[in-house]
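All chains are named by letter (A, B, ...) in the order of the sequence lines, taking the proteins before the strands, and each is independently numbered beginning at 1.
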Protein chains: 2
Amino acid sequence: MPRTTSNKGLVLIVEDEPSQMELLSFNLTAEGYNVLRAEDGEEGLLLFQENNVDLVLLDWMLPNTSGLEVCRQIKRSKRATDCHVIMLTARGEEDDRIRGLDIGADDYIVKPYSIKELLARVRSGIRIRSAAKVDDMLTYGTIKMEINRRSVTIKNSVISMGPLEFKLLQVLLESPKRVFSRTQLLERIWTDNLDVETRTVDVHIGRLRKAIRAVNNEDLVKTVRGFGYSLDNIS
Amino acid sequence: MPRTTSNKGLVLIVEDEPSQMELLSFNLTAEGYNVLRAEDGEEGLLLFQENNVDLVLLDWMLPNTSGLEVCRQIKRSKRATDCHVIMLTARGEEDDRIRGLDIGADDYIVKPYSIKELLARVRSGIRIRSAAKVDDMLTYGTIKMEINRRSVTIKNSVISMGPLEFKLLQVLLESPKRVFSRTQLLERIWTDNLDVETRTVDVHIGRLRKAIRAVNNEDLVKTVRGFGYSLDNIS
DNA sequence: TAGATTTGTCACATAGTTGTTACATTAAAT
DNA sequence: ATTTAATGTAACAACTATGTGACAAATCTA
């Protein structure tokens, strides 16, 4: 189980040869990336769809679903802009390389490659993409919110909450450590329904806390007596 | 039904002369293709409709239904785009050849032909089509959708549904796990007809679920209360 | 044209969410 | 230590969102 508090990025490796997989996985982990491994195309696609992957290292010769198809599916999906695809081709597979770039792979590396070069390409790929990704994702400490999946996780455990609690957390996450007054929160979140007691905010903060507590015993929502609430790790 | 796991492709031969059939069948099998044999047009059509055929070798002079008719039927069917038709004509049947191409045959070979040339044409035909086919497939977990053929399968069982449910599933499948609001779905799917209630989306989601349920008891369409729907394996 | 299929809306049942209140608990001020 | 105001939270009724069968209108198909 890889420790997940690294913020370098999540790399998906799709490679059927165990020795290659080990080599890549070891080096990327050592550099601080989180690594997901898939041994064939189907598994790769599934992992891609289920996780917020920053970069894919994709072997071109795969059992079952081909690298070509995996790449096409990735690039067709609407998360495509977020994710950099580097394909790994054997020398001489020039046709595939051209088709791969046609379909939208962002880069390719010819085997055998130097690990140093590969790591450099990965770094650059992640750098390019990390900017675009921000709109869809909010992070603070171990909390991750993926807005268009409406999903919140703490330390990779999913938290479920009502719509208002979600919005509330979203506002807090957009400016961590900032203290919001009850009135400010009402204005931001209860945009249409204006005649709501300020005490209602307290109740929903309580509900948010309860949802978080189901997974994490440390209270991440701080009460600032006399002012309001903020998101903060208390220590 | 008889779909083995060779990845070269499935070829349907429609030819009434036993010696020709043997020659073709032997050579194609030797090259690694899967072969289906039909001795007349009717059988050919039947086999075509029941199998996922990549390429048809179609003799022009046939008992019962003529090659012309078979070709027309194939090209009229919904899987036409997936399937390459090569017609085999005797020297001098120029009229038929022109008519064949008119109707949508993709290539023709004049008898007597060299096997080498025929194999080359088959290879090229399959290559063209498999690229096209890959382009029109969407996958998530055990769901597979072939867009041009308008077919959806879960765990290899076919699901039938109305056109709107198909589009709906297609949109969801393009971004699995992403939550779409009813309005977003209306904008994407009801592009022309703009005055539709948002509740209509619910009804069609229900119909999609029902269609899926006929085959798979796990509900793959997730309701995200207060926001909309997404495609997801719930666990 | 007849028959089948598809479509949009409605009505009702069910299930989840929300705002409020009342009481408990806490923190600060005296 | 006592008082006071602010905050936490369980409970509950009202409200809102969703699932779904029924049905008539529209559309397609043979």
Side-chain angles (χ1 to χ4, degrees), chain A residues 150 152 159-170 172 179-214 217-232 234, chain B residues 72-73 76-78 150 152 159-170 172 179-214 217-230 232 234:
Chain A
R150 308 276 147 171
V152 180
I159 294 170
S160 63
M161 58 185 79
L164 274 179
E165 282 73 56
F166 188 92
K167 275 194 189 175
L168 194 48
L169 180 56
Q170 185 178 350
L172 295 177
V179 181
F180 291 91
S181 73
R182 288 165 179 72
T183 318
Q184 286 174 324
L185 291 171
L186 280 177
E187 278 168 2
R188 286 232 198 181
I189 294 160
W190 281 259
T191 38
D192 38 350
N193 191 1
L194 288 157
D195 48 349
V196 178
E197 307 285 321
T198 54
R199 279 316 299 288
T200 303
V201 175
D202 298 14
V203 176
H204 282 282
I205 285 281
R207 284 169 182 162
L208 175 56
R209 278 176 167 145
K210 194 165 154 192
I212 292 174
R213 214 182 299 138
N217 48 9
E218 186 183 8
D219 190 5
L220 304 169
V221 181
K222 185 161 101 183
T223 303
V224 183
R225 198 161 243 267
F227 294 101
Y229 301 97
S230 78
L231 198 65
D232 204 341
I234 309 168
Chain B
R72 198 209 320 273
Q73 296 262 1
R76 180 190 294 181
S77 91
K78 278 173 181 168
R150 320 230 99 217
V152 180
I159 294 170
S160 64
M161 59 185 77
L164 275 178
E165 284 74 46
F166 187 89
K167 270 196 185 179
L168 196 46
L169 181 55
Q170 184 180 349
L172 295 177
V179 180
F180 291 91
S181 71
R182 288 165 179 71
T183 319
Q184 286 174 322
L185 291 171
L186 280 177
E187 278 168 3
R188 287 230 195 183
I189 294 161
W190 281 260
T191 38
D192 38 351
N193 191 2
L194 288 157
D195 49 349
V196 178
E197 306 285 320
T198 53
R199 279 316 298 287
T200 303
V201 175
D202 298 45
V203 176
H204 282 281
I205 285 279
R207 285 168 183 162
L208 175 56
R209 279 179 168 144
K210 196 164 152 191
I212 291 175
R213 215 181 299 139
N217 48 8
E218 188 184 8
D219 191 4
L220 304 169
V221 180
K222 183 161 104 181
T223 303
V224 183
R225 207 159 234 272
F227 294 110
Y229 300 96
S230 76
D232 202 342
I234 309 169

Looking at D/dA10, C/dG8, C/dG19, which one has an atom nearest to any side-chain atom of B/Trp190? C/dG8
Rounded interatomic separation in angstrom, taking NE2 from B/His204 and C1' from D/dT18: 16 Å
D/dT18 C1' sits how many Å from B/Arg225 CZ, rounded? 5 Å
Ignoring hydrogens and angles, are the base of D/dG8 and the side chain of A/Arg199 linked by a donor-acceptor pair under 3.5 Å? yes
Partners of A/Arg199 by side chain to side chain donor-acceptor pair (under 3.5 Å), sequence neighbours excluded? A/Asp202
Atom CD of A/Glu197 and atom P of D/dA14 are separated, to the nearest Å, by 17 Å
Report the distance from atom CG of B/Leu168 to atom P of C/dG8, rounded to the nearest whole Å. 11 Å
Separation of C/dT18 atom P from A/Lys167 atom NZ, nearest Å, is 9 Å
Rounded to the Å, how far apart are A/Leu208 CG and D/dT9 P? 12 Å
Applying a 4.0 Å non-hydrogen cut-off, can you work out what B/Phe166 is touching in the nucleic acid: base, sugar-phosphate, or nothing? nothing
Can you tell me which nucleotide in C/dG8, D/dT18, D/dT7 comes closest to the side chain of B/Leu164? C/dG8
Between B/Gly206 and A/Phe227, which residue's closest nucleotide on DNA chain D lies nearer the 5′ terminus? A/Phe227
Choosing from D/dT9, C/dT20, D/dG19, which nucleotide comes nearest the side chain of A/Val196? C/dT20
On the side chain of A/Arg207, is there an atom forming a donor-acceptor pair with the base of C/dG19 - under 3.5 Å, no angle test? yes
Work out how much the helix from C/dT1-D/dA30 to C/dT30-D/dA1 bends between its end axes, five pairs an end, to the nearest 10 degrees. 40°
I need the NZ-C1' distance between B/Lys210 and D/dG21, as an integer number of Å. 8 Å
Partner set under side chain to side chain donor-acceptor pair (under 3.5 Å) for A/Thr200, not counting sequence neighbours: none
Rounded to whole angstrom units, what separation is found between the CG atom of B/Asp202 and the P atom of C/dT9? 12 Å
